Amino acid sequence: IPLLVRLLPFPRTMRVQFLALAAVCLVASAAANDKFTVTKTPEVFTIDNFEFSSAFDAPWQEGTIVQVKMTGTTNKKITDGTVKFKLYEAYVTHFEASGNLPYFKCDNKGCDPSQAVSMFLEDPTADSSPYTITFDYTMGAAQKTGVFSLVIWGVDQDHAYDFSVSVGYNYTNAAATGLRGAAPAVPVPEIPELPTPTANDVATLPFKYNV
C-alpha cells in the first residue's frame, strides 16, 4: 500500500476518493500553464500581473464566464476612464463582439475614483497608485475556427491609452483534450494597432452614459 494511503486516518473508500481528486488536481495544475497566450503593452499603467480564468476550471467554450484580472501601478492620477474590449476570430474579417465598463461609479457630476466598477485604486487621491482591474467576460460562439484573440484596453480622462492586452485562446484543442486553452492550432490574425482616440471615445467615457 502506498505510504500516503497508509498514513491517511480515514476509511479506504475515502482514501481512494481523495487520491482520485488529487490526481485530477495535478492534471488541472499541469494544464494551467497552457490556458492562453497574452501580449501586454503598458502605457500609462504598468502591467505586473494578468489573469484569465474560469470558475472551477471550466473548459473554453461558448457560454463560459471568464474573470479577467490585471494588476499594476498607474503613472498619473486617474479620475475617470473606461476599460474596453473587442473579440476577433481567426479568418473572420470583422470583430465579433465588443464591450466596455467604466473604471469608477459616475453620475452627472463626474466620477468617484474611490467607488470601483472595473478598477480599484489603493489610493484614489494619489498621482500614482497600485490598481486592480477585474471584470467578467462571457465567451461567444465560434463562427469559423474557434481560435480567438481578445483585445482589451483602457482610456482615461485625458483620452490617452492606459494599457492594451491581447489574449489568445481557442476552443479546438480544449475540446479535443478536455482541458482548456491549449496553444492555437491555426494562426491568429494580426490585430490592428489601436486607433487614435476619437470623439466617440470621449462620448463613451463613464460620465456620458452612467448617469
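Along the sequence shown, residues are numbered consecutively beginning with 1. Everything quoted here is computed from the prediction, not taken from an experiment.
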Close aromatic pair by centroid cut-off 6.0 Å: Tyr103 and Tyr131: no
Ring-ring centroid check Phe45 Trp153, cutoff 6.0 Å: no
Distance flag, aromatic centroids of Phe148 and Tyr88, threshold under 6.0 Å: no
Any donor-acceptor N/O pair, Gln67 side chain to Asp136 backbone, under 3.5 Å: no
Over-ring placement of Lys144 relative to Tyr91, 6.0 Å and 45° cut-offs: no
Any side-chain donor near an acceptor of the partner, Asn75 and Thr73, under 3.5 Å: no
Backbone N/O of Ser128 and side chain of Thr74: donor-acceptor pair under 3.5 Å: no
Close side-chain approach of Val44 to Asp156, heavy-atom, < 4.5 Å: yes
Shortest non-hydrogen contact from Val68 toward Ile152: CG1-CD1, 4.0 Å
side-chain hydrogen bond (donor to acceptor under 3.5 Å, both in side chains) partners for Thr93, two or more places apart: none
Mutual orientation of the aromatic rings belonging to Phe52 and Phe50 [parallel < 30°, tilted 30-60°, perpendicular > 60°]: parallel
Contacts table for residues 109-121: side-chain donor-acceptor under 3.5 angstrom, sequence neighbours left out:
residue	atom	partner	partner atom	Å
Asp112	OD1	Ser114	N	3.0
Asp112	OD1	Ser114	OG	2.6
Asp112	OD2	Ser114	OG	3.2
Ser118	OG	Pro102	O	2.8

Flag, side chain of Ser98 to backbone of Lys86, donor-acceptor distance under 3.5 Å: no
